[in-house]
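Following: one structure in structure tokens, then a few remarks.
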Amino acid sequence: MEELLRRIKVEIVGNYRNFVPSLGVTTDGTWEIQILDKFESFMGPLECPIDREEVKLEEAVLCPICMTPYHLDCARLLASRREKCWKCDKFERFDLLVT
């Protein structure tokens with residue numbers, strides 16, 4: 001059984017790699033996989049794609065499709081120009097988020 005466990009292969013496919021921050025062997029020789037949910041994945045520094053500055057989660061305007069964070073002023077700029085999300089290029093109604 002122990003030999004079999006040493007040959008287990010874990011493959012992460014799809015859009016889930018961002019939610020698996022660590023995969024490795026612990027100090028006692030066992031394998032550890034840490035899987036985060038979407039909210040926990042935002043605990044690291046967030047960067048607004050417009051001004052490339054850090055955004056605090058509690059102050060961020062998030063694209064509802066891809067969860068890209070924007071500063072409020074940057075989201076207002078997108079709304080005034082009727083631009084789509086800079087990351088997913090799908091959401092285009094920032095005017096609904098910055099009223």
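Interatomic distance, CG of Leu77 versus CD1 of Ile50, reported as 5.5 Å (0.5 Å rounding). Here the CG atom belonging to Asp95 is positioned 8.0 Å from the CZ atom belonging to Arg82, to the nearest 0.5 angstrom. Leu46 contributes atom CG, which lies 9.5 Å from atom NE2 of His71 (distance to the nearest 0.5 angstrom). Annotation: the span from Asp89 atom CG to Glu83 atom CD amounts to 10.0 Å, rounded to 0.5 Å. Taking CD from Glu47 and CD from Glu54, the interatomic distance works out to 9.0 Å, rounded to the nearest 0.5 Å. Rounding to the nearest 0.5 Å places SG of Cys48 at 9.0 Å from CD of Glu53.
The minimum heavy-atom distance between Leu97 and Leu62, with the atom names listed, is CD1-O, 3.8 Å. The shortest non-hydrogen separation linking Ala79 to Val98 is CB-CG2, 3.9 Å. When all heavy atoms of Phe94 and Ala75 are compared, the pair lying nearest together is CB-O, 3.7 Å.
Using a 4.5 Å cut-off on side-chain heavy atoms (C-beta onward), Cys74 and Asp51 make contact. With contacts defined as side-chain heavy-atom distances shorter than 4.5 Å, the pair Pro49/Thr68 qualifies.
Of the possible polar contacts, one joining the Tyr70 side chain to the Trp86 backbone as a donor-acceptor pair under 3.5 Å is found.
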